[in-house]
Amino acid sequence: MEKEIKLEIKELKKYYPVLKGAFKKVVGQVKAVDGVSFSVNKGETFGIVGESGCGKTTLGKCLVNLQNPSSGELLYNDTETGVKNALNLSKKESFKMRKKIQIVFQDPYSSLNPLKTVYSAFEEPLKIHKMGDKSKRKKIITEIFELINLKPEFMHRYPHEFSGGQRQRICIARALCIEPEIIICDEPVSSLDVSVQAQILNLLKDLQEQKELTYIFIAHDLSIVEYMSDRIAVMYLGKIVELADAKLLYKTCKHPYTEALVSAIPTPDFDKEPIRNVMKGDLPSPINPPNGCSFHTRCPLAEERCKIEEPNLKRVKGSENHYVACHLVSTVEE
Ligand code: SF4
């Protein structure tokens, strides 16, 4: 059966101007997201991985309209109104769409207002989106508290009275209470203790099943992304360099950058010496990315051609759902 596409991103770019001098002359552009295209199916978890500074968080913010993309298309398949370009909506339509796509941030401490009780933090979006009267709102909030395994009597407490894990559960629940269809999870467990991370990840999985949610899961920890995702895109300097089904990517990754990331995953086998592909150098500046393949300055396999010609993301020969941007991999034109 053909899968229903929930979100389709086409050639999305987000550039920030670099200003210099008293007259603020534009002297360059930070290419945070540089022509990214992918689609996300209904009910799936689409993982995005990459080093800090690769553009994954900026991409997530563009998807929820917290950043205005410089160009591109963001086609959102609304259950009620059909497919719409989210970057081309009227104020009213944009307000409605914000309800459908929510984001959960990395830091649950700064995501909640320390001066407001958790109940008010939940009630505010419900009021903004005109969801029920006072008693209906209380019912929604009580139900959502039970859903995330927190006692409803805790709802009148302040954020500092909760642990880090509880706060992140509260942030997830707050995103859920206005009934979104898509949730962008931006490093949702990175600031939590390892013992709490599994609880949050399992909660996200349970909620996805119960409410038929679609997730975009952004993280730098590959083992967590593998656990959560159906498909994964690997980002480097604002571009996708590899995209594949989660299992396939970890077993047979093709791009030298993905190989280096996968080889850096710690293994629990203490008797076996891990083989690591250590990358040389740091991530180049997105203001002045290298010509040709942007990974060539760190790639152990780089050839002369890689310095001149930029590889496009193409389907790997003999594979259905595996795409890579590297000159050395056999690919097919589509
Ligand atoms: Fe390395 Fe060249 Fe492939 Fe880029 S195109 S990843 S530089 S081999």
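Computed over heavy atoms, backbone and side chain alike; hydrogens, waters and symmetry mates excluded. We count ligands from 1, going down the list as the structure has it; atoms in each ligand are counted the same way.
- Between Lys254 and Glu242 there is no salt bridge, since none of the side-chain N atoms of the basic residue sits less than 4.0 Å from a carboxylate O of the acidic one.
- Aromatic pair Phe295/His255: ring centres closer than 6.0 Å.
- Note on atom 3 (Fe) of ligand 1: protein N/O/S atoms under 2.8 Å are Cys326 SG.
- Side-chain N/O atoms of Tyr323 and Asn312 include no donor and acceptor closer than 3.5 Å.
- Counting only heavy atoms from C-beta outward, the side chains of Pro284 and Ser294 never approach each other to under 4.5 Å.
- The shortest non-hydrogen separation linking Tyr16 to Ala32 is CE1-CB, 3.7 Å.
- Both tests pass for Lys205 against the ring of Tyr227: distance under 6.0 Å to the centre and angle within 45° of the axis.
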